Amino acid sequence: MLTPRSIERAGPTGEDVRAYPPSYYAATISAPFDGRVLDRDVQADACIIGGGYTGLGAALRLAEAGRSVVLLESGPLGWGASGRNGGQVHLGWNQDQHWLARHLGKDGARAMWSMARAARDDLDRLIAHDPDACDFRPGLIHADHKPGLVRETHDQVRFMREAYGHAALTPLGQDDIRALVASDAYFGGSLDLAGGHLHPLKLALAMARAAQAAGAVIHPHSRCTGIVREGEGWRIATPGGTVRAARVLVATGGYAQGLVPKVDAHVLPINNFIATTAPLPPARAAALIGGGHAVSDSRFVVYYFRLTPDRRLLFGGGERYSYRLPADMAAFVRPHMLRVFPQLADVPIDHAWGGTLSITPHRLPYAAQVAPGLWSLSGFSGLGVVLAPWLGSEIGAAMAGYPSPALDLVQRLPTPRFPGGTWLRWPTMAAAMTFFALRDRL
């Protein structure tokens, strides 16, 4: 039950945090999570700041371990990137196994693959909490937008099949991909049947209900306004009350805005945008993308798209490197969509929205214990649907006092700062991305 006087109107991006943004996902959930605003001072073993996949994964693990845990979220559960993303299910990391072997050694690279498989298996466990299985559909196509990239993709497929036994991954030639994707924009790629797509907000809400059932206390509309060391633990302030806890996880992703300053130079918030068309006739929808698969392409500024259960094209494209959102997000996304599917010029857009996610220089998650008992985990760089719930759970295990070899290995990943440090990383990254976006078009 919400206490309106305790609900703040504006979040870090200036968006209204009292309700979900007007996305397709918000329009297609059966019921939001019903929780009470924090309006008193409480104490717990652990406090989680952020009600997305990372925080919910940690809260669920802590509650299952019998620890008292309080989770705070500034808006509704899954209000940020976890409830707005493209819903794509990727198996693996944003760097390939060769890169991981160079930086972690062969054993470390194999351990990272085992972790990716464990995270994917854990996702199946989580979606089973939802009556609709979060609308999960198998199959993720990687589409190469330049002919010269196809051989590299096929070499990678061969390596993963032979060295790692990843038999669900198959190569796609030009005829194959054009039989699956009704576009002249792609020249080959791969299909991973271990990947797929789902309804991301349903996943967040299923995780929230599972964590609550396990004993976690969840307070939506309770924004953290500060974290202060107090004795051997921490005091977390909100507009309506405080939480005192020995251990804290900051899991706010791209919405942190200085909450843990030591992390800011390593993690950059960026805005990404998605639109869904009006429902397409069955035959037209079936001809657009075959097999019910999702598609993610090879551009540095990635295009990703799929069909929803009610036959809409959901298309993500375009990024901005500030908290400012375009005034007309449908107009922002449409030109990107028409580059891939010009045949949809006559189809109206029914929903368009944006959101802030966090990236790192190597596009790998950044996990750090920045002070005794104070953890931060963010920077999933577009692969959070699979990795964030599981790595959140691993941090939850560590906060409960259990060893986590997986978390230890993630902390060994290279974690450089963005060029320019905390304040100049935005303009520096924007300049670099302008270059890469131009290269995508050449």
Side-chain angles (χ1 to χ4, degrees), residues 33-74 77-78 82 115 118-119 122-123 125-126 129 203-220 222-224 226-238 240-253 259-260 365 367-378 387-408 410-411:
F33 181 87
D34 185 20
R36 183 183 181 87
V37 174
L38 181 66
D39 58 0
R40 65 198 70 187
D41 297 337
V42 298
Q43 192 162 348
D45 294 327
C47 179
I48 310 298
I49 303 169
Y53 299 147
T54 303
L56 291 166
L60 178 57
R61 184 67 170 270
L62 282 157
E64 290 176 338
R67 306 301 192 268
S68 59
V69 54
V70 173
L71 183 146
L72 306 173
E73 163 59 42
S74 62
L77 271 293
S82 294
M115 290 158 54
D122 187 61
L123 180 65
R125 179 181 72 88
L126 294 173
H129 288 292
L203 174 61
L205 295 178
M207 292 177 67
R209 294 183 179 111
Q212 186 182 60
V217 178
I218 298 177
H219 295 291
S222 302
R223 183 173 67 89
C224 172
I227 308 169
V228 178
R229 188 75 180 175
E230 189 173 82
E232 296 297 314
W234 299 89
R235 178 169 56 83
I236 301 91
T238 77
T242 62
V243 182
R244 286 175 171 82
R247 289 165 290 279
V248 178
L249 169 62
V250 177
T252 50
L259 200 56
V260 185
Q369 187 169 194
V370 296
L374 178 61
W375 287 89
S376 175
L377 176 59
S378 58
L387 295 177
W390 185 75
L391 280 177
S393 176
E394 290 298 308
I395 281 200
M399 294 171 73
Y402 299 118
S404 173
L407 183 58
D408 294 341
V410 168
Q411 290 183 278

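All values below were derived from every heavy atom in this structure, side-chain atoms included, with hydrogens, water molecules and symmetry-related copies excluded. Nothing fancy with the numbering, it's 1 onward along the sequence. What you see is a predicted model, and the numbers here were worked out from it, not measured in a lab.
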J.: With sequence neighbours left out, what residues match Asp122 under salt bridge (Lys or Arg N to Asp or Glu O under 4.0 Å)?
T.: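 Asp122 satisfies salt bridge (Lys or Arg N to Asp or Glu O under 4.0 Å) with Arg125 once adjacent residues are dropped.
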
J.: Quick one: side chains of residues 389-407, donor-acceptor pairs under 3.5 Å with protein atoms, not counting sequence neighbours, listed by atom name and distance.
T.:
unit_1: Ser393; atom_1: OG; unit_2: Arg61; atom_2: NH1; d: 2.8
unit_1: Glu394; atom_1: OE1; unit_2: Ser404; atom_2: OG; d: 2.6
unit_1: Ser404; atom_1: OG; unit_2: Leu407; atom_2: N; d: 3.1

J.: Quick check: do Leu71 and Leu77 have side-chain heavy atoms less than 4.5 Å from each other?
T.: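 Yes, their side chains come closer than 4.5 Å.
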
J.: Do Arg209 and Phe33 have side-chain heavy atoms sitting under 4.5 Å apart?
T.: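 Side-chain contact under 4.5 Å: yes.
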
J.: Looking at every non-hydrogen atom in both residues, tell me the closest pair between Ala216 and Ala63 and how far apart they are.
T.: N-CB, 3.7 Å

J.: Supply the atom-to-atom distance Arg223 CZ to Thr252 OG1, rounded to the nearest 0.5 angstrom.
T.: 11.5 Å

J.: So do the side chains of Cys47 and Leu72 get within less than 4.5 Å of each other, counting heavy atoms only?
T.: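 Sidechains of Leu72 and Cys47: in contact.
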
J.: Identify the heavy atoms of Gly51 and Leu56 that sit nearest to each other, and give their distance.
T.: O-CD1, 3.6 Å

J.: Might you point out which heavy atoms bring Trp375 and Gln411 nearest each other, and give the distance in Å?
T.: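 The answer is CZ3-NE2, 3.9 Å.
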
J.: Nearest 0.5 Å, what's the OG1-CD distance between Thr242 and Gln43?
T.: 9.5 Å

J.: Have a look at Val250 and tell me which of Ile227, Ile236, Ile48, Val370 forms a side chain to side chain contact (heavy atoms under 4.5 Å, CB included) with it.
T.: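 That would be Ile227; it is the only one of Ile227, Ile236, Ile48, Val370 passing the side chain to side chain contact (heavy atoms under 4.5 Å, CB included) with Val250.
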
J.: Between His219 and Val70, is any pair of side-chain heavy atoms under 4.5 Å apart?
T.: yes

J.: If you compare all heavy atoms of Glu73 against all heavy atoms of Gly52, which two are closest, and at what distance to 0.1 Å?
T.: OE1-N, 4.4 Å

J.: Please check this pair: side chain of Asp45 against backbone of Val69, looking for a donor-acceptor N/O pair closer than 3.5 Å.
T.: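 No, the answer is negative, given that no donor and acceptor are paired below the 3.5 Å cut-off.
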
J.: Shortest non-hydrogen contact from Gln212 to Asp34?
T.: NE2-O, 4.3 Å

J.: Check whether any side-chain heavy atom of Leu123 lies under 4.5 Å from a side-chain heavy atom of Leu203, and answer yes or no.
T.: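 Leu123 vs Leu203: side chains touch.
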
J.: Run Leu60 and Leu126 through side chain to side chain contact (heavy atoms under 4.5 Å, CB included) and show every step you take.
T.: CA-CA 10 Å; Leu60 178 57; Leu126 294 173; 3.9 Å; yes

J.: For a quick test of reading the model, state the closest non-hydrogen atom pair linking Ala46 to Leu62 and the distance between them.
T.: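 Looking at all heavy atoms of both residues, the shortest contact is CB-CD1, 3.8 Å.
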
J.: To the nearest 0.5 angstrom, please state how far the OG1 atom of Thr54 sits from the CD1 atom of Ile49.
T.: 13.0 Å

J.: Check whether any side-chain heavy atom of Arg244 lies under 4.5 Å from a side-chain heavy atom of Trp234, and answer yes or no.
T.: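 Of all side-chain heavy-atom pairs linking Trp234 with Arg244, none is under 4.5 Å.
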
